[in-house]
Amino acid sequence: MEAATIQLTVPYDLLVGAVSSLDVEHKIQLHQLLSKQIAREQVLPRPKPIEEGRAAVDAFAKAVERALQESGMTEDELAEALAPHKSSHLK
């Protein structure tokens with residue numbers, strides 16, 4: 001005998017009520033089934049902070065390269081120009 005497949009649209013409240021009326025064993029079985037399905041369907045996104053950090057580093061490197069080309073400075077000269085200088089009156 002071949003199993004038939006049907007699709008039903010069940011209102012959420014009715015579904016919750018039906019699940020609530022199940023005995024504990026059936027609730028556990030349903031929980032296990034749902035957990036497996038959720039685990040299969042869940043796609044872990046790439047961590048955004050890592051992507052954003054890489055993009056920021058790349059953007060900074062491009063900005064430094066552009067500044068070096070436009071100014072004609074060496075990396076050391078640019079670093080010296082951008083470094084905070086201590087005032088001579090602060091000790």
Side-chain angles (χ1 to χ4, degrees):
M1 181 178 233
E2 204 171 306
T5 302
I6 63 169
Q7 283 188 311
L8 294 174
T9 302
V10 179
Y12 183 77
D13 294 340
L14 185 61
L15 179 62
V16 170
V19 170
S20 297
S21 69
L22 293 174
D23 61 35
V24 173
E25 292 174 12
H26 286 119
K27 286 178 183 176
I28 292 170
Q29 288 176 352
L30 181 59
H31 179 268
Q32 290 170 342
L33 174 71
L34 289 173
S35 294
K36 287 177 187 176
Q37 288 184 353
I38 289 169
R40 267 189 253 126
E41 294 175 13
Q42 200 171 34
V43 176
L44 297 176
R46 195 171 196 193
K48 287 188 179 187
I50 292 173
E51 288 179 7
E52 291 169 357
R54 286 183 181 148
V57 168
D58 289 344
F60 180 74
K62 288 177 184 176
V64 168
E65 190 63 35
R66 190 170 44 249
L68 290 172
Q69 289 175 351
E70 291 175 5
S71 68
M73 292 184 194
T74 66
E75 288 182 18
D76 289 339
E77 291 170 333
L78 182 60
E80 180 66 28
L82 296 175
H85 295 282
K86 293 183 181 179
S87 294
S88 59
H89 67 278
L90 295 177
K91 291 185 181 182

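Note that the numbering runs from 1 along the sequence shown for the chain. Basis for what follows: all heavy atoms, side chains included, without hydrogens, waters or symmetry-related copies.
One hydrophobic cluster, built from ILVMFWY side chains closer than 4.5 Å, cannot hold both Tyr12 and Leu8; they sit in different ones. The same ILVMFWY cluster, assembled from side-chain heavy atoms under 4.5 Å apart, contains both Leu34 and Leu14.
Interatomic distance, Glu75 CD to Glu80 CD, rounded to the nearest 0.5 Å: 14.5 Å.
Its side chain outside the 4.5 Å cluster rule for every partner, Val57 clusters with none of the Ile, Leu, Val, Met, Phe, Trp and Tyr residues.
Around the CD atom of Glu77, the shell of radius 6.0 Å holds more than 12 heavy atoms that belong to other residues, nucleotides or ligands.
For the residue pair Leu15 and Val10, the shortest heavy atom distance occurs at N-CG1, 4.0 Å. Leu68 and Met73 make their closest contact through CD2-O, 3.4 Å (heavy atoms, listed as atom of the first residue, atom of the second, distance).
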Validation: residues 22-29 side-chain donor-acceptor distances under 3.5 Å, sequence neighbours left out:
unit_1, atom_1, unit_2, atom_2, d
Asp23, OD1, Glu25, N, 3.3
Asp23, OD1, His26, N, 2.9
Asp23, OD1, His26, ND1, 2.9
Asp23, OD2, His26, ND1, 3.2
Lys27, NZ, Ser20, O, 3.3

